[in-house]
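As structure tokens, the structure follows; a few thoughts come after it.
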Protein chains: 2
Amino acid sequence: MKHIITKLNPAFDHRVRLGIMSVLMLEEWVDFSSLKETLNLTDGRLASHIKALEKETYLEVRKRFIARKPNTSYRATDEGRKAFQAHLDALEALLRAGNSGQPE
Amino acid sequence: MKHIITKLNPAFDHRVRLGIMSVLMLEEWVDFSSLKETLNLTDGRLASHIKALEKETYLEVRKRFIARKPNTSYRATDEGRKAFQAHLDALEALLRAGNSGQPE
DNA sequence: ACCAATAACTTTGAATTTCAAAGTACTCTA
DNA sequence: TAGAGTACTTTGAAATTCAAAGTTATTGGT
């Protein structure tokens, strides 16, 4: 008998992390600099938000070299996808039903 | 040529404020204790998030007495509704198009 | 006039989060 | 082994968030 907002995942409270996840929901293996440009972030800021998502095991990392340059890519884990989808579902529910306790 | 996440409103980053706004989008004049119960928050926590939204003039306040007890209600201002709707539109766009710069 | 009760805050202080700026590690190429 | 480029990490300061406790305003009872 909890309210819908309790189903909103605090890990996705922040718009930068929403941005990262939404990019990674649509495309597998997006690299650091693409994310950085797409979301218009500094290195440090992006890295710290990625780290937070990694800590939740919502994304995984692949490091390699392309054209003799280091290239790090990320993709959402299954867990991350599920968690994000659940968050979006909760958001939607929040806006449809909007209000008092929903049956568990 | 900015990314969609720049259209996400930092004022709505937090799930509690999303909850408050979503309730107030569907119903005018919701009172303090209803919000508190609906969202399962402490007095202080609710008050502080309301304060943040008031500061942005996203909601307005009405104080009166009902059954000889103080009763404070809130509703979203037009500005608040517009801002919240814009936020939701941005969220939606984020999930549909998801990625690189959208035309201004 | 005074006091208790209730609703709605406000304050305090500590923990956590966020950020920019600067520094560092790693690997490649020459 | 020096230099270049990518991807971080560290640092330190500012802002945010929270629970807990304290405060204000008004009513109703005495």
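All values below come from the heavy atoms of this structure, side chains included, with hydrogens, waters and symmetry mates left out. Letters A, B, ... mirror the listed sequences (proteins, then strands); counts begin at 1.
- Rounded to whole Å, the distance from CG on A:Leu53 to C1' on C:dT17 is 14 Å.
- A:Lys36 has no side-chain polar atom (N or O) that falls below the 4.0 Å cut-off from OP1 or OP2 of D:dC8.
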In B/S/- notation, 5' to 3', how is nucleotides 22-30 of chain C contacted by protein heavy atoms closer than 4.0 Å? -----SSS-

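- The separation between A:Arg62 atom CZ and D:dT6 atom C1' is 15 Å, rounded to whole Å.
- Nearest nucleotide to the side chain of A:Ala47, out of C:dT18, C:dA8, D:dC8: D:dC8.
- Applying the ring-ring contact (aromatic ring centres under 6.0 Å, His included) rule to pairs touching residues 28-50 of chain A yields A:His14-A:His49, sequence neighbours excluded.
- Counting only residues at least two apart or on different chains, the ring-ring contact (aromatic ring centres under 6.0 Å, His included) pairs with a member in residues 57-78 of chain B are B:Phe12-B:Tyr58.
- The separation between A:Lys51 atom NZ and D:dA7 atom C1' is 13 Å, rounded to whole Å.
- Between the side chains of B:Thr57 and B:Glu79, at least one donor-acceptor pair of N or O atoms lies under 3.5 Å.
- With sequence neighbours left out, A:Lys36 forms a salt bridge (Lys or Arg N to Asp or Glu O under 4.0 Å) with A:Asp43.
- Look at A:Thr42 and you'll find a side-chain N or O under 4.0 angstrom from OP1 or OP2 of C:dA20.
- As a whole-Å value, the separation of B:Arg64 CZ from C:dA7 P is 16 Å.
- Between A:Ile20 atom CD1 and C:dT18 atom P there is a gap of 11 Å when expressed in whole angstrom units.
- In the set D:dT17, D:dA7, D:dC8, the nucleotide with an atom closest to the side chain of B:His14 is D:dT17.
- Between the CD1 atom of A:Ile50 and the P atom of D:dT6 there is a distance of 16 Å, given to the nearest Å.
- At the heavy-atom level, A:Arg17 lies under 4.0 Å from the strands shown only through sugar-phosphate atoms.
- Applying the side-chain contact (heavy atoms from CB on, under 4.5 Å) rule to B:Lys55 yields no partners; only residues at least two apart in sequence or on another chain are considered.
- Contact of the B:Thr72 side chain with the B:Asp31 side chain is not registered, since no non-hydrogen atoms from C-beta on lie closer than 4.5 Å.
- Shown here are the salt bridge (Lys or Arg N to Asp or Glu O under 4.0 Å) partners of B:Lys69, two or more places apart in sequence or in another chain: there are none.
- In terms of phosphate contacts, B:His49 brings no side-chain nitrogen or oxygen within less than 4.0 Å of OP1 or OP2 of D:dT16.
- In this structure, CG of A:Asn71 is placed 22 Å from P of D:dA4, rounded to the nearest angstrom.
- As judged by a 4.0 angstrom heavy-atom cut-off over every strand, A:Ser48 is placed among residues making no nucleic acid contact.
- In this structure, CG of B:Leu46 is placed 14 Å from C1' of D:dT17, rounded to the nearest angstrom.
- Distances shorter than 4.0 Å separate some side-chain N or O of B:Tyr74 from OP1 or OP2 on C:dC9.
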